[in-house]
> 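What follows is a single structure, and I will ask about it in a moment.
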Amino acid sequence: GLPREVRIHEVGARDGLQNEQATVPTEVKAEFVHRLAEAGLTTIEATSFVHPKWVPQLADAAELMPLLADLPGRYPGVRLPVLVPNERGLERALELGVREIAVFGSATESFARANLNRTVDESLAMFEPVVARAKAAGVRVRGYLSMCFGDPWEGPVPVAQVAGVARRLYEMGCDELSLGDTIGVATPGHVAALLAELTGTGTDGSGPAGGGTVPVERTAVHFHDTYGQALSNTLAALQRGVTVVDASAGGLGGCPYAKSATGNLATEDLVWMLHGLGIRTGVDLARLSATSVWMADRLGRPSPSRTVRALNRQ
Ligand code: HMG
Ligand code: MG
């Protein structure tokens with residue numbers, strides 16, 4: 001069966017804007033996040049506390065967060081997670097009152113090197129004190145795992161390899177684990193196979209092949225739409241019990257350290273499908289799509305989202 005409700009983890013302001021050539025003014029980012037909250041999104045990833053030279057687009061994180069300080073008061077329950085790779089990033093985030101962070105690991109060695117300048121083991125070792133210190137401070141922690149399906153350097157990634165790193169990330173203490181199809185190559189059968197291996201929610205009732213399981217309630221999916229499979233993949237994940245789905249307003253997105261990555265699943269496309277299925281999201285689609293049109297104007301090119309285009313056709 002399908003869930004009655006899905007929580008959308010909106011990544012447009014982070015995954016979307018980290019990939020833009022143009023520098024988006026901090027005030028425009030703040031207005032973007034405010035508009036996303038106004039449209040009913042409750043989990044809005046705001047920015048990243050990474051090395052400013054690695055992602056110059058988000059170098060203004062410390063200036064942006066104060067402009068969002070009134071959001072939780074205005075929209076009760078709204079959460080503003082930020083990406084944090086290491087203790088330096090955590091310190092910067094905690095100073096600004098951040099209450100939710102995300103560490104981000106890789107299932108493959110090639111991407112761990114490209115994105116974090118570390119091996120997989122070294123990056124997990126880098127996250128460990130971050131997760132421990134965050135939890136001690138009462139800060140919620142999400143763990144991203146990238147390259148869960150295919151990797152631009154290594155090709156298809158074995159399900160057992162992904163599940164192995166995912167379990168280590170989860171057992172470190174992450175409250176939620178987001179499975180990333182960084183370059184958008186996954187197909188629904190592959191999604192089902194990974195979820196079966198990781199969470200034990202197999203269609204045939206078989207359990208995972210090795211190690212412990214990650215509860216499906218703690219699992220989120222993060223699809224990029226390179227091959228147009230993101231919605232189908234999402235449906236496959238919902239059918240296996242996932243209820244948290246990452247998406248990016250207007251389909252913004254990509255990763256500067258993974259060449260073939262394009263935009264995330266567009267939040268509007270996701271909401272269109274979910275509402276069509278009678279699944280609640282709390283999102284006002286007209287407001288959201290107006291926000292993406294507004295953002296597209298700021299960025300100087302139209303949104304790639306089919307739903308945004310359909311709703312705004314003259
Ligand atoms: P490094 O060069 O190995 O850094 O980079 P280091 O630990 O050797 O430190 C070097 C210097 O950087 C030091 O300064 C540190 O203080 C400073 P020095 O002592 O030389 O003056 N430094 C920092 N400054 C500010 N904030 C920090 C920070 N950390 C160190 N946080 C590092 C390692 C992890 C920092 C770097 O590789 C990095 O920032 N990577 C981030 C890459 C990134 O943000 N990628 C995009 C997000 S991931 C993604 O998009 C995928 C996802 O969407 C899911 C999916 O689609 O699969 C999440
Ligand atoms: Mg991503």
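Counting starts at 1 for both ligands and their atoms, following the listed order. Nothing here was measured: the structure is a model prediction, and the numbers come from that model.
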> Report the part of Lys53 in contact with ligand 1, treating N, CA, C, O as backbone and CB onward as side chain, heavy atoms under 4.0 Å; options are side chain, backbone, both, neither.
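Contact part for Lys53 vs ligand 1: neither.
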> For residues Val191 and Ile279: do they belong to one hydrophobic cluster (side chain heavy atoms under 4.5 Å, members Ile, Leu, Val, Met, Phe, Trp, Tyr)?
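Yes, Val191 and Ile279 fall within the same hydrophobic cluster.
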> Looking just at side-chain N and O atoms, do His190 and Asp181 make a donor-acceptor pair shorter than 3.5 Å?
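No, no side-chain donor-acceptor pair sits under 3.5 Å.
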> Taking just the N, O or S atoms of Asp15, which one is nearest to the Mg ion (ligand 2)?
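Asp15's closest N, O or S atom to the Mg ion (ligand 2) is named OD2.
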> If the condition is side-chain contact (heavy atoms from CB on, under 4.5 Å), which residues does Arg7 pass it with, not counting sequence neighbours?
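In terms of side-chain contact (heavy atoms from CB on, under 4.5 Å), with neighbours along the sequence ignored, Arg7 is linked to His9, Thr42, Thr43, Arg79, Arg140, Glu176, Val244.
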> Would you check the N or O atoms of Tyr144, main chain and side chain alike, for any that come under 3.5 Å of an N or O of ligand 1?
no
> Please say whether the positively charged group of Arg142, taken as NZ for Lys or CZ for Arg, lies over the ring of Tyr144, i.e. under 6.0 angstrom from the six-membered ring centre and within 45 degrees of the axis.
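Here Arg142 passes the 6.0 Å and 45° test against Tyr144.
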> Evaluating non-hydrogen atoms only, which member of Ser146, Ala102, Ala61 is closest to atom 54 (C) of ligand 1?
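Comparing heavy atoms across Ser146, Ala102, Ala61, the nearest one to atom 54 (C) of ligand 1 lies in Ser146.
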> Going by atom types alone, do His51 and Asn86 pair a side-chain donor with an acceptor below 3.5 Å?
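The answer is no; no qualifying pair exists.
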> Return yes if a side-chain donor-acceptor contact under 3.5 Å exists between Glu10 and Ser248, otherwise no.
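Judged by distance alone, the side chains do not pair up.
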> Check each atom of ligand 1 against the heavy atoms of Gly89 and keep those under 4.0 Å away; list them by number with element.
31 (N)
> Near His224, which atoms of ligand 1 are under 4.0 Å from a heavy atom of that residue?
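Near His224, meaning under 4.0 Å from one of its heavy atoms, ligand 1 has 56 (O).
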> Show which atoms of ligand 1 fall inside a sub-4.0 Å distance from at least one heavy-atom site of Asn117.
1 (P), 2 (O), 3 (O)
> Can you tell which of Arg118, Glu122, Arg88 gets a heavy atom nearest to atom 4 (O) of ligand 1?
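Of the listed residues, Arg118 has the closest heavy atom.
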> Would you mind listing which atoms of ligand 1 come within a distance below 4.0 Å of any non-hydrogen atom of Val55?
43 (C), 44 (O)
> Do Thr26 and Glu63 meet the criterion of a side-chain donor-acceptor pair at a distance under 3.5 Å?
no
> Tell me the contacting part of Leu58 for ligand 1: side chain, backbone, both, or neither, using a 4.0 Å heavy-atom threshold, strictly below.
neither
> At a non-hydrogen distance cut-off of under 4.0 Å, which region of Val50 contacts ligand 1 (side chain, backbone, both, or neither)?
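Answer for Val50: both.
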> To which of Leu83, Asp181, Asn86 does the heavy atom nearest atom 30 (C) of ligand 1 belong?
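Looking at heavy atoms only, Asn86 sits closest to atom 30 (C) of ligand 1.
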